[in-house]
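The structure appears right after this line, and notes come after that.
In each ligand, atom 1 is the first atom listed, and ligand 1 is the first ligand listed. The analysis underlying the following values was restricted to heavy atoms, covering all of them including side chains, and did not include hydrogens, waters or symmetry mates. Since we're looking at a predicted model, the values are computed, not measured.
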Amino acid sequence: MADIRALATHLDDASRNATEIPQLTEPISLADAYDIQKQSIAHRFSRGEKQVGIKMGFTSRAKMVQMGVHDMIWGRLTDGMIVEDGGSTSYRKYVHPRIEPEVAFLLKRELVGTVTPLQAFSAVEAIAPAIEVIDSRYKAFKFSLTDVVADNSSSSGFVVGPWHQPDLDCSNLGIVVSFNGIPVLVGSTAAILGNPLRSLVAAARFAAEADEPLQPGWIVMAGGASHAEALSPGLWVECEVQHLGRSGFSVVE
Ligand code: OOG
Ligand code: MG
């Protein structure tokens with residue numbers, strides 16, 4: 001039997017100290033992996049961090065293909081992971097960080113269980129262009145489905161741009177990510193399950209399974225619209241989403 005508590009501490013230590021670890025060797029169930037995630041994040045809560053939402057992962061084909069994982073996953077976001085829009089983050093805080101262009105939803109109502117896209121939409125207060133900084137704690141960024149779930153789905157940092165009223169169709173908005181002003185990724189929000197709202201629908205279902213309803217005021221990160229791109233110190237990273245505007249941050253040593 002896997003020692004859930006020990007693995008949770010192991011992963012929390014790896015994340016806190018930005019040290020890489022080998023993939024988990026014992027076979028664990030998906031339910032165990034989510035338990036490890038929960039207990040690992042509980043360490044963050046005990047250090048004073050607060051949950052501010054959840055992130056969805058593998059909601060686009062590009063991400064599934066890049067990582068060889070073909071199931072949707074989710075992770076918990078805390079205030080300790082916030083990177084200020086227009087601000088900076090230190091490369092030293094990560095093992096081998098990558099960024100993904102995403103959109104973020106801000107909820108105004110609790111959302112849980114089986115909901116329609118329309119019900120999900122009616123719980124949305126605002127939408128924003130966003131960037132996720134993912135950082136697997138596993139060596140060479142290689143993991144199985146259960147490994148990555150236990151590692152809080154690689155969540156590490158996130159940047160949310162200006163909030164926009166949800167009065168626009170976000171199903172097919174153009175995306176351009178640039179590094180130091182040079183475009184490195186282009187895409188569309190349509191890559192996220194055909195419509196990022198479907199990611200919110202899935203998030204509500206996961207929340208029900210975990211018995212942790214999505215809360216008003218929470219942020220839901222819809223998942224990367226493209227493959228992830230590696231970061232290095234000295235970069236100014238910007239993600240522009242059509243009609244929503246831009247979010248950006250710099251990576252310092
Ligand atoms: C897992 C996290 C995936 C996304 O947006 O698809 C993710 C990983 O690729 O490390 O955040
Ligand atoms: Mg992501």
Side-chain angles (χ1 to χ4, degrees), residues 11 14-15 18-24 30 33-34 36-37 40-41 52-78 81-83 89 93-105 127-161 170 173 175 177 184-185 187-203 205-206 218-231 237 239 241 247 249:
L11 278 155
S15 148
T19 45
E20 61 178 24
I21 57 171
Q23 286 179 245
L24 308 181
L30 191 58
Y34 276 110
I36 296 169
Q37 176 188 133
S40 158
I41 296 301
V52 294
I54 76 164
K55 62 156 281 177
M56 295 294 292
F58 301 129
T59 52
S60 70
R61 259 203 75 67
K63 276 295 305 179
M64 292 183 193
V65 168
Q66 181 181 26
M67 304 315 298
V69 174
H70 294 83
D71 293 283
M72 266 193 276
I73 58 175
W74 65 281
R76 296 167 168 93
L77 299 174
T78 73
M81 300 173 187
I82 296 172
V83 177
T89 191
K93 283 172 50 183
Y94 311 94
V95 182
H96 34 212
R98 298 176 176 175
I99 56 95
E100 302 171 325
E102 305 211 6
V103 292
F105 295 107
I127 308 176
I131 304 169
E132 187 179 23
V133 183
I134 53 166
D135 188 32
S136 178
R137 268 51 70 163
Y138 302 110
K139 207 164 180 257
F141 228 115
K142 287 217 163 57
F143 46 66
S144 66
L145 172 67
T146 49
D147 288 336
V148 66
V149 164
D151 186 25
N152 199 27
S153 298
S154 303
S155 100
S156 200
F158 66 100
V159 186
V160 176
C170 68
L173 304 175
I175 297 175
V177 175
V184 291
L185 290 172
S188 161
T189 57
I192 305 163
L193 296 171
N195 181 344
L197 266 183
R198 294 200 182 115
S199 177
L200 190 54
V201 168
R205 181 165 43 78
F206 281 129
W218 274 14
I219 289 167
V220 176
M221 295 283 286
S226 72
H227 69 269
E229 195 71 30
L231 287 181
V237 179
C239 171
V241 182
S247 57
F249 70 103

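- Under a 4.0 Å criterion applied to the non-hydrogen atoms of Lys55, ligand 1 contributes the atoms 2 (C), 7 (C), 11 (O).
- Close approach of ligand 1 to Ile134 (heavy-atom distance below 4.0 Å) involves ligand atoms 8 (C), 9 (O), 10 (O), 11 (O).
- Close contacts between ligand 1 and Glu100 involve ligand atoms 3 (C), 4 (C), 5 (O), 6 (O), 7 (C), 11 (O) [criterion: under 4.0 Å to a heavy atom].
- Panel note: side chain Ser60, backbone Ala191; no donor-acceptor pair is recorded below 3.5 Å.
- Of the candidates Asp151, Leu24, Val69, Val69 is the only one forming a side-chain contact (heavy atoms from CB on, under 4.5 Å) with Phe143.
- Distances from the Mg ion (ligand 2) to the N/O/S atoms of Glu100 are shortest for OE1.
- Nearest protein neighbour of atom 9 (O) of ligand 1, counting heavy atoms only, is Lys63 NZ, 2.7 Å.
- When non-hydrogen atoms are compared, ligand 1 lies under 4.0 Å from the side chain of Val148 (C-beta onward) but not from its backbone.
- Nearest heavy-atom pair, Ala222 versus Ile192, reported as atom, atom and distance to 0.1 Å: O-CG2, 3.5 Å.
- Within the structure, the closest approach of Gln66 to ligand 1 does not fall below 4.0 Å when heavy atoms are considered.
- Below 4.0 Å from some heavy atom of Met56 lie the following atoms of ligand 1, by number and element: 4 (C), 5 (O).
- Within ligand 1, the atoms closer than 4.0 Å to a non-hydrogen atom of Phe143 are 8 (C), 9 (O), 10 (O), numbered from 1 in the order shown.
- Looking at Val148 and Ser136, their side chains never come closer than 4.5 Å, going by heavy atoms from C-beta outward.
- With a 4.0 Å cut-off on non-hydrogen atoms, Glu132 touches ligand 1 through its side chain and not its backbone.
- For atom 2 (C) of ligand 1, the closest non-hydrogen atom on the protein side is Ser153 O, 3.3 Å.
- Nearest protein heavy-atom neighbour of atom 10 (O) of ligand 1: Ser154 OG, 2.7 Å.
- Distance alone, capped at 3.5 Å, places no donor-acceptor pair between the Gln23 side chain and the Asp147 backbone.
- Within Glu102, the N, O or S atom lying nearest to the Mg ion (ligand 2) carries the name OE2.
- Each of the following atoms of ligand 1 lies closer than 4.0 Å to a heavy atom of Gly224: 4 (C), 5 (O), 6 (O).
- Listed by chain and residue number, Gln37, Lys55, Ile73 satisfy the side-chain contact (heavy atoms from CB on, under 4.5 Å) test with Ser153 (two or more places apart in sequence, or in another chain).
- Contact between Val103 and Pro196 at its shortest, heavy atoms only, is CG2-CB, 3.7 Å.
- Using a 4.0 angstrom heavy-atom cutoff, Glu102 counts as in contact with ligand 1.
- Between Asn152 and Met81, the closest heavy-atom pair is ND2-CE, 3.5 Å.
- Interface of Phe141 with ligand 1, defined as ligand atoms under 4.0 Å from a residue heavy atom, comprises 10 (O).
- For the atom pair Leu197 CG and Ile127 CD1, the distance stands at 6.5 Å (nearest 0.5 Å).
- Side-chain atoms of Ser154 do not come within 3.5 Å of backbone N or O of Ile134 as any donor-acceptor pair.
- When you scan the N, O or S atoms of Glu132 for the one nearest the Mg ion (ligand 2), you land on OE1.
- Two residues are said to be in side-chain contact when any heavy atoms from C-beta on lie closer than 4.5 Å; Tyr94 and Leu231 fail this criterion.
- Given atom 6 (O) of ligand 1, the protein heavy atom at minimum distance is Phe58 N, 2.8 Å.
- Taking every heavy atom of Met67 and a limit of under 4.0 angstrom, the matching atoms of ligand 1 come to 9 (O).
- Atoms OG and CD, on Ser226 and Gln66 in that order, are 8.0 Å from each other to the nearest 0.5 Å.
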